[in-house]
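Just so it is clear, the structure is predicted and the values come from calculations on it, not from any experiment.
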Amino acid sequence: MRLKSSIWVAAYLRRCQCEGVFGAVRRRGADEAGAVFVKLALLDGNAMLYAPAPQAVYDDSRPVERVFAPSSVEPVAEQAVEERLAKEVRFDPDAWIVEIEDKAGRHFLDLARG
């Protein structure tokens, strides 16, 4: 059984806070199982977007952990990330949007292996 999205987001924000990284919930989604999207603002006009990884990348030995995949290899203009987030919310109204800010690009997410 997977951890509720609301609990995961709260724990994730606490982790960021403990590391000195500002984070906030920009859009609250479904408490139980809403998809979580993380925008990492690099504070220079660019950002990265981390989306839930496809189910195919989950490891059978750890099937309940949340795994993320970057939407691009390199940072892109924040406006492009905002446009993508708007599309995601139109597609899935239960989605969460979490935004963190860190010039060094730290995100503390488990990333899918490519």
Side-chain angles (χ1 to χ4, degrees):
M1 187 171 201
R2 181 184 256 186
L3 195 61
K4 290 181 181 183
S5 295
S6 58
I7 295 171
W8 186 90
V9 167
Y12 177 67
L13 289 173
R14 171 67 85 176
R15 168 78 196 281
C16 291
Q17 180 184 29
C18 289
E19 297 290 341
V21 173
F22 173 78
V25 174
R26 282 201 18 212
R27 184 176 195 284
R28 186 175 178 87
D31 284 342
E32 297 291 323
V36 179
F37 292 85
V38 177
K39 175 186 171 187
L40 168 61
L42 299 171
L43 304 174
D44 64 356
N46 293 310
M48 291 289 294
L49 178 62
Y50 296 93
Q55 290 291 337
V57 303
Y58 282 79
D59 185 344
D60 289 337
S61 66
R62 300 179 350 193
V64 297
E65 292 184 22
R66 290 182 187 262
V67 180
F68 291 82
S71 63
S72 61
V73 178
E74 296 291 324
V76 297
E78 280 197 64
Q79 185 59 37
V81 171
E82 292 299 327
E83 290 168 4
R84 167 78 187 274
L85 286 171
K87 287 180 186 176
E88 293 294 345
V89 169
R90 283 193 301 273
F91 177 75
D92 180 7
D94 292 332
W96 289 74
I97 298 175
V98 176
E99 184 165 341
I100 59 173
E101 298 177 344
D102 188 57
K103 288 180 181 180
R106 298 176 297 164
H107 54 73
F108 315 108
L109 297 169
D110 290 328
L111 299 181
R113 293 187 174 104

Inset, instruction - In plain terms, say whether E83 and K87 are close enough for a salt bridge, that is, a side-chain N and a carboxylate O under 4.0 Å apart. - result: no
Inset, instruction - Measure the CG-CD distance between L49 and E99 for me, rounded to the nearest 0.5 Å. - result: 10.5 Å
Inset, instruction - Measure the spacing between CG of L3 and CD of E32 and express it to the nearest 0.5 Å. - result: 10.5 Å
Inset, instruction - Could you list the residues that satisfy salt bridge (charged side-chain N to carboxylate O under 4.0 Å, His left out) with R106, not counting sequence neighbours? - result: D102
Inset, instruction - Starting at SG of C16, measure out to CG of L40 and round the result to the nearest 0.5 Å. - result: 9.0 Å
Inset, instruction - Rounded to the nearest 0.5 Å, what's the gap from CZ on R90 to CG on L85? Could you check? - result: 11.0 Å
Legend entry - Gap separating the CE atom of M48 from the NE2 atom of H107, nearest 0.5 angstrom: 7.5 Å
Inset, instruction - For residues G34 and S5, report the shortest heavy-atom separation together with the two atoms involved. - result: O-OG, 2.6 Å
Inset, instruction - Specify the closest pair of heavy atoms between R27 and V89, including all atoms of both residues, with the distance to one decimal. - result: NE-CG1, 3.4 Å
Inset, instruction - Give a yes or no on whether the ring-centroid distance for W96 and Y50 is below 6.0 angstrom. - result: no
Inset, instruction - For a side-chain contact (heavy atoms from CB on, under 4.5 Å) with P75, tell me which candidate from D44, L42, V81 qualifies. - result: L42
Legend entry - R26 with E82: basic N within carboxylate O range, under 4.0 Å: yes
Legend entry - Single-linkage hydrophobic cluster, 4.5 Å side-chain cutoff, V25 and F37 together: no
Legend entry - Exercise: identify the closest heavy-atom pair between S6 and R28: CB-NH2, 4.0 Å
Legend entry - Note, L111 side chain near V67 side chain (heavy atom, < 4.5 Å): no
Legend entry - F68 to P52 - nearest heavy-atom pair and separation: CD2-N, 4.0 Å
Inset, instruction - Looking only at non-hydrogen atoms, find the nearest pair between E101 and V21 and report the distance. - result: O-CG1, 3.4 Å
Legend entry - Minimum-distance pair of heavy atoms, taken over all atoms of A35 and D92: CB-OD2, 3.8 Å
Inset, instruction - Look at the side chain of R66 and the backbone N and O of D110, then say whether any donor-acceptor pair between them is shorter than 3.5 Å. - result: no
Inset, instruction - For a side-chain contact (heavy atoms from CB on, under 4.5 Å) with Y12, tell me which candidate from I7, V36, I100 qualifies. - result: I100
